[in-house]
S.K.: 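Quick one: the structure is below, questions incoming.
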Amino acid sequence: MEAVLGHLRGAIERGDYAIGDKLPSEAELCRTLEVSRPVLREALRALQTMGLTVSRTGKGTFVVADAVEDPTFGDYAASDLLEVRRHVEIPVAGYAARRRTAENLDHLAHLLDRMEQETDTTAWVAMDTVFHLAVAEAAQNPVFRRVIEEIRDALARQSAFLNELGGRREQSNREHRAIVEALIDGTEHDAVQAMTHHLDRVETTLTDIMRPTRTDAPTEDGPEA
């Protein structure tokens, strides 16, 4: 999927497909790129998330931008989502370190063990959102949980996007482990730092994915060595 996405994104950024152009049909792209339809559709969804294309029912996929600016996850732009997460989840981690109960810690530890053993991306992404809800619950303030519930769909979409294109799962597991260990220790400073680091890595990975591919079109002689 990453290779298909890179090919299509590069073609759009180079201007092979200009703004307003319709991409070839799914059947044609599958033949040309020699990939299955599910793989192609994943790549097309990623292009749409990046804001490069839009899918129009019954008409096809059209190019609407030639550079990635601010991807959208569900109802929210990535920049808006991250800004809110920093203002909510970082202090929430501090409150959770002071207020967590034994039940909260048991739930988080069990969830983390499952995430570290999970190999299916879809299942892992679902547990990722549950993890952040569980941290909010440990802060013992129902308003925090309600805020995370509101952005839960966007969090899941962002998590899936970062895992598919940024290989974030193992790194996220380590970051989640650091958060849980800080909550177990009851150290507010460490919990705040662990959540800050987690969101910093999310932002860095997202920025790396958004960076222009700057690939050149292949020549008849093939790519350079």
Side-chain angles (χ1 to χ4, degrees), residues 45-52 54 64-65 67-100 104-105 107-108 111-112 115 121-183 187-211:
R45 280 195 296 270
L47 285 177
Q48 189 162 329
T49 297
M50 290 175 171
L52 294 174
V54 64
V64 294
V68 179
E69 294 183 0
D70 196 4
T72 300
F73 299 108
D75 295 329
Y76 304 110
S79 59
D80 292 338
L81 186 63
L82 186 61
E83 182 176 63
V84 168
R85 293 188 70 183
R86 287 190 181 281
H87 282 283
V88 174
E89 292 194 83
I90 291 174
V92 158
Y95 287 123
R98 294 190 336 215
R99 302 171 180 171
R100 82 288 187 274
N104 293 142
L105 294 178
H107 177 47
L108 281 163
L111 183 61
L112 189 57
M115 293 178 74
T121 298
T122 301
W124 188 94
V125 164
M127 287 188 283
D128 187 24
T129 61
V130 173
F131 176 87
H132 287 276
L133 277 171
V135 174
E137 286 176 349
Q140 310 304 328
N141 183 329
V143 180
F144 285 140
R145 190 185 195 285
R146 182 65 62 86
V147 173
I148 302 302
E149 280 280 12
E150 168 61 29
I151 63 174
R152 185 174 183 174
D153 176 67
L155 290 180
R157 291 170 184 263
Q158 183 185 69
S159 180
F161 184 76
L162 294 178
N163 276 283
E164 289 172 357
L165 303 181
R168 277 273 305 159
R169 194 186 329 169
E170 290 186 6
Q171 189 177 58
S172 288
N173 284 338
R174 291 193 295 271
E175 293 158 13
H176 288 164
R177 175 67 66 181
I179 292 169
V180 171
E181 288 176 352
L183 298 187
T187 309
E188 181 177 358
H189 175 269
D190 289 351
V192 165
Q193 290 299 309
M195 184 63 79
T196 299
H197 176 68
H198 179 51
L199 296 182
D200 284 346
R201 296 308 304 163
V202 167
E203 182 175 18
T204 297
T205 304
L206 190 60
T207 299
D208 288 343
I209 293 172
M210 296 302 104
R211 188 173 291 117

S.K.: Tell me whether Ser159 contacts the main-chain N or O of Leu155 through its side chain, where contact means a donor paired with an acceptor under 3.5 Å.
M.R.: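 Pair absent, no side-chain N/O of Ser159 close to backbone of Leu155.
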
S.K.: Any carboxylate oxygen within less than 4.0 angstrom of a Lys/Arg side-chain nitrogen, looking at Glu175 and Arg168?
M.R.: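 A salt bridge is present here (some side-chain N lies under 4.0 Å from a carboxylate O).
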
S.K.: Parallel, tilted or perpendicular, judged at 30° and 60°: which one describes the rings of His132 and His176?
M.R.: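 The arrangement is perpendicular - the two ring planes meet at more than 60°.
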
S.K.: Measuring from atom CG of Asp208 to atom CD of Glu203, what distance do you get when rounded to the nearest 0.5 angstrom?
M.R.: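 CD of Glu203 is found 10.5 Å from CG of Asp208.
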
S.K.: Scan residues 152-175 for pairs that pass ring pair (Phe, Tyr, Trp, His ring centres under 6.0 Å), counting only residues two or more places apart or in two chains.
M.R.: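 Ring pair (Phe, Tyr, Trp, His ring centres under 6.0 Å) check on residues 152-175 returns Phe73-Phe161.
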
S.K.: Show me the pairs that pass salt bridge (charged side-chain N to carboxylate O under 4.0 Å, His left out) and involve residues 70-80, at least two apart or across chains.
M.R.: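 Found none.
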
S.K.: Test your reading of the model: is there a side-chain donor-acceptor pair from Glu181 to the backbone of Ile179, 3.5 Å cut-off?
M.R.: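 Not at all, since once roles are kept as given, no pair shorter than 3.5 Å links the two residues.
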
S.K.: Side chains of Thr121 and Asn163: is there a donor and an acceptor less than 3.5 Å apart?
M.R.: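 Result is no, nothing qualifies.
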
S.K.: More than 12 heavy atoms of other residues, nucleotides or ligands under 6.0 Å from CD of Glu149: yes or no?
M.R.: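 Check passes, neighbour count above 12.
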
S.K.: Can you name the one residue among Val202, Ile151, Thr72 that meets side-chain contact (heavy atoms from CB on, under 4.5 Å) with Leu81?
M.R.: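 Looking at Val202, Ile151, Thr72, the match for Leu81 under the side-chain contact (heavy atoms from CB on, under 4.5 Å) is Ile151.
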
S.K.: I'd like to know if Asp200 pairs up with Arg86 as an ion pair, taking the criterion as any Lys NZ or Arg NE/NH1/NH2 lying under 4.0 Å from an Asp or Glu carboxylate oxygen.
M.R.: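 Between Arg86 and Asp200 there is a salt bridge, with a charged N closer than 4.0 Å to a carboxylate O.
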
S.K.: For Met195 and Ala93, which heavy atoms make the closest approach, and how far apart are they?
M.R.: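 Reported closest heavy-atom pair: CB-CB, 3.8 Å.
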
S.K.: Could you report the tightest heavy-atom contact between Val125 and Ala156, atom names first, then the distance?
M.R.: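 Minimum heavy-atom contact is CG1-O, 3.4 Å.
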
